[in-house]
Amino acid sequence: MSEFELLDPSGVPLGDPGTGASGAPDPLLDGLNPPQAQAVSTRSPALLIVAGAGSGKTRVLTHRIAQLIRNREAWPSQILAITFTNKAAAEMRERVEGLLGSAAEGMWISTFHSACVRILRREAERFGYVSGFTIYDSADSRALLKRIIKDLEADSYGFTPANASSKISRLKNELSDADSYAATANANDPRERLFIEIFRSYEQELRRANAFDFDDLIGQTVHLFRTFPEVAAVYQRRFRFLLVDEYQDTNHAQYSLIRELTRPVERDVVERLVPPVRERELDGLGCIPAASLTVVGDSDQSIYAFRGADIRNIVEFERDFPGAEVVKLEQNYRSTQNILSAANAVIGNNLDRQDKSLWTSEGDGPQIVGFTGYSQHDEARFVAEEIEDLHRSGLAYGDVAVFYRTNSQTRALEELLIRAAIPYRVLGGTKFYERAEIKDAMAYLTSLANPYDPIAWSRLIGAPKRGIGPMAEAQLANYAEAMGISFHDAMLRAGELSFGPKVRAAIESLGQLLQRAARMAAGGGATDDSETRKQPAPVADVLKLILDETQMIEKLRAKRDPQDEARAENLEELVSVAKEYDVQHPGVGLLEFLTEVSLVAAVDELDDESGTVSLMTMHTAKGLEFPAVFITGVEEGLLPHQMSVDEIGGISEERRLMYVGITRARKQLYLTLASTRAQFGDVQVAMPSRFLQEIPESLIDWRQSPGEVTGRGGTESRALNAPRSGARPSRGGAGRGVESSVSFGSGSGSGGYGRGGSGAAAVSEPASGNMQSALEQWRERKRQAKAAQAAGGGFPNTIVGSVRDNGDLELAPGDRIRHDEYGAGRVTGITGAGSKRIAHVVFDTVGERKLLVKLAPIAKLDAGLDSAEE
DNA sequence: CAATGCGGAGTTTTT
DNA sequence: CTCCGCATTG
């Protein structure tokens, strides 16, 4: 919303705190447990709600807000609630409105970034920006940095747009700028000096472009408040109640923003405020007292340290805000006890945390299901098959989520889900708005709002290709700068520069298009003659004008690359998005659309009604819950991620990530991994994650344990055509690690693995007998691991057993082999060498496969006629 | 100026 | 493996 009322104009006195709640029982407290009710009702100046996963914190927050309003302790306009994502904000608004009726109008419920944009758009003129500023996403920032690094020839010092950007981001999150950094940096280090130059130049260019990057949105708002106390006072006065969700993930800049907003307004500033401050707003000293602050968080779910989140913000809250009250919510209303026990066991391995255990009164529920695939492909197939089983037993696809650590893991999963015809949706990853063609089209809109933005302008010039190259672009940019005019105006005056007739015509026609579109967007109508001031044109109309005139869609369609058809469709989708926006927000104009697009988060795309399986990273999953959850790639190097192992606190953060993942599951949790994983073209052996060993084995029903797939923990390789792990009978080559025949829901044993193996899930029964030996191996390895750890020095995961090793298996074209999964087949070729030898095999039933000789579950049956023997 | 092709490099999480 | 930048060619 764009309206901005300072205080409710009616001037009705606010009720006395607490009066509404006394006497009759409050329906807003109905069904809350005592700590929850306490968290809703308490009125200390600062409140920390320590809310474990699934403990009903959203409920508490919404009820608290509703109670404040309903008791007339606050007007809706006096409430500022900060959430982590737009989706969470929308949900919270909806729930508060549900509790109150429509009385919630005027509340600010938004993310840090959205709230700051709103403030900055109002106040930008005060410090050299204009309201139409552009918000640079990280790609835009990097594009700008790329130019700067090139200009300064800093690339030879190892600076890249990516590393410079992340360093600048880190500094900005600490509220540093180039000057303050320069004051502390080592001036004798040429690399440091160069970095400072990059940083300074980046700041200048942003300002000149009238653009903020993500971090600026917070940092500059803090800066604004500190520089202009009377501006800060407007917001300090307005927002009497601040509520901040996910407080454990706030960084220093965000923390500072909260501090600024909860500062009392000093007497001398009070006197200058407009409209004049009324007596009842003041305390005895003539100040406007500090706003009430409520924060909600769980330090065990802090997973954004890499983005500057500072766990100290929550740990030291009581010290920061004297008089703070702390309420702990530990009862979980989401998950079964088995899932919670696993979560508690994992997080319990993090030192320096306050001991806290989630519990539920809802019972144990089914065991967690574990599965180890031979490859990520195999793992993905298990996931797909299992989802099918869940679906057949009555679970909606929309109730299932698949999590992973890195976005690249979606590949194999998507492939198998497509093959199984399971509807799914990937959240995040390469987002819609990050696609090249979408960014191209958006560059036009951005440039209309901010004709001084060089990144947008530079992008639109080359999309589509129209004969204006880097030379012409540079000339125009120089000219614009020299004359102090916008890029658009420079293009309209291309005749004053020495371009060839063709180039000049192209430039002028583009300039005219932008001029027309700009008029239209501003509400002047597409043509010159408008005397009637109209509403801003709908965004979709402006977009369509651009797409039609530039022929972007047609040009894509004319190409023969099949990818381009998809790109054309994306552009059409963008038009639909814009139309939808126009319907939802009539008459608000381009700027709001651009803002909203800039600030969408991955999770905002989640549509609860979509009826599709959701794929997302565990970071994206925070704050969500699903009846059935798959956590995939639970391997060393992936979860915890290799990159985190050397970082201080890295493993702890990864463990929290695992904890977040586990606690998303309501009823059924799956932990899956693969024993090999292909990365960058070659295959690598993967070890089970140390986090798996931290979960009591009784909680996990291993359909196929790591022990079964990676060998026996010894060095000898087993007879490869024997049934795996001893006791299990072979299943005619299609035998998979599916041990139990107890099925989930209606016993559909049909949809199993391979041909004939049952894929039905054993949910409530412990593993049946023939699982014992495999489990025994796994246990033995865990025992060894524990012993090693107890012996001191050892890491939890120093012993993970050896892997299957067929290293000495000689294969040649013509050999017959048997594969545990695919059955019998004939080798048609061998490529690669050493541990990366790949056998190309045509199987009798499943056709051609490529297998890593060293690790595939294969055995030689008989040699081909001309095979080389050892 | 644009399109094509080759070679090299980089691989975490995101508002 | 895949994306990106660079150089060559049309």
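Numbers restart at 1 for each chain; the letters A, B, ... are given by sequence-line order, proteins then strands. No experiment lies behind these values; they were computed from the predicted model shown.
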Just how far, in rounded Å, is [atom2] of [N] from [atom1] of [X]?
X	N	atom1	atom2	result
A/E653	B/dT12	CD	P	15 Å
A/F84	B/dT13	CZ	P	15 Å
A/L257	B/dT15	CG	P	18 Å
A/L120	B/dT15	CG	P	19 Å
A/M616	B/dT14	CE	C1'	15 Å
A/I468	B/dA2	CD1	P	9 Å
A/E636	B/dT12	CD	C1'	15 Å
A/R118	B/dT15	CZ	P	20 Å

So [X], base contact, sugar-phosphate only, or nothing? Heavy-atom distance under 4.0 Å.
X	value
A/K146	sugar-phosphate
A/R466	sugar-phosphate
A/T620	sugar-phosphate
A/E647	base
A/A472	sugar-phosphate

Under 3.5 Å donor-acceptor, A/R93 side chain and A/M107 backbone: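 Yes, the answer is positive, given that a donor and an acceptor are paired below the 3.5 Å cut-off.
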Quiz item: Okay, side chain of A/Y444, backbone of A/L460: is any donor-acceptor separation there less than 3.5 Å?
Solution: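 Yes: the side chain of A/Y444 pairs with the backbone of A/L460.
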message: Applying the 5.5 Å / 30° rule, does A/F112 stack onto the base of B/dT15?
response: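 So no, this residue does not stack on that base, at least one cut-off failing.
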Looking only at the side chain of [X] (C-beta and beyond, no hydrogens), which of the listed nucleotides [options] gets closest?
X	options	answer
A/H619	B/dT15, B/dC1, B/dT13	B/dT13
A/R307	B/dT12, B/dT15, B/dA2	B/dT15
A/R405	B/dT15, B/dA3, B/dT13	B/dT13
A/T617	B/dT14, B/dT15, B/dA3	B/dT14
A/P470	B/dT15, B/dC1, B/dT12	B/dC1
A/Y304	B/dT15, B/dA2, B/dT14	B/dT14
A/M471	B/dT15, B/dT13, B/dC1	B/dC1
A/H641	B/dT14, B/dT12, B/dT15	B/dT12

Which sits closer to the 5' end of DNA chain B, A/N86 or A/G467, going by the nucleotide each is nearest to?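 That would be A/G467.
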Next item on the list: Please tell me which of A/T406 and A/V503 maps to the more 5' nucleotide of DNA chain B, matching each residue to the nucleotide holding its nearest heavy atom.
Entry: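 The residue whose closest nucleotide sits nearer the 5' end is A/V503.
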ask   = Hey, is A/D249 close enough to A/R307 for a salt bridge, meaning N to O under 4.0 Å?
value =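 No.
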For this session: Could you tell me whether A/E415 and A/R419 have a side-chain N and a carboxylate O separated by less than 4.0 Å?
Result: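 Looking at A/E415 and A/R419, the cut-off is met.
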Identify the two heavy atoms, one from A/D216 and one from A/F212, that lie closest to each other, and give their separation to 0.1 Å.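 Taking A/D216 first and A/F212 second, the nearest heavy atoms are CB-CD2, 3.6 Å.
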- Query: Is there a side-chain polar atom (N or O) of A/N407 under 4.0 Å from OP1 or OP2 of B/dT14?
  - Reply: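 Checking A/N407 against B/dT14: at least one side-chain N or O falls below 4.0 Å of OP1 or OP2.
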| request: Sticking with atom C1', work out how far C/dC4 lies from B/dT13, rounded to a whole angstrom. | output: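 To the nearest whole Å, 23 Å.
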Margin query: Is the distance from the ring center of A/Y136 to that of A/Y202 below 6.0 Å?
Written below: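 A/Y136 vs A/Y202: aromatic centres not under 6.0 Å.
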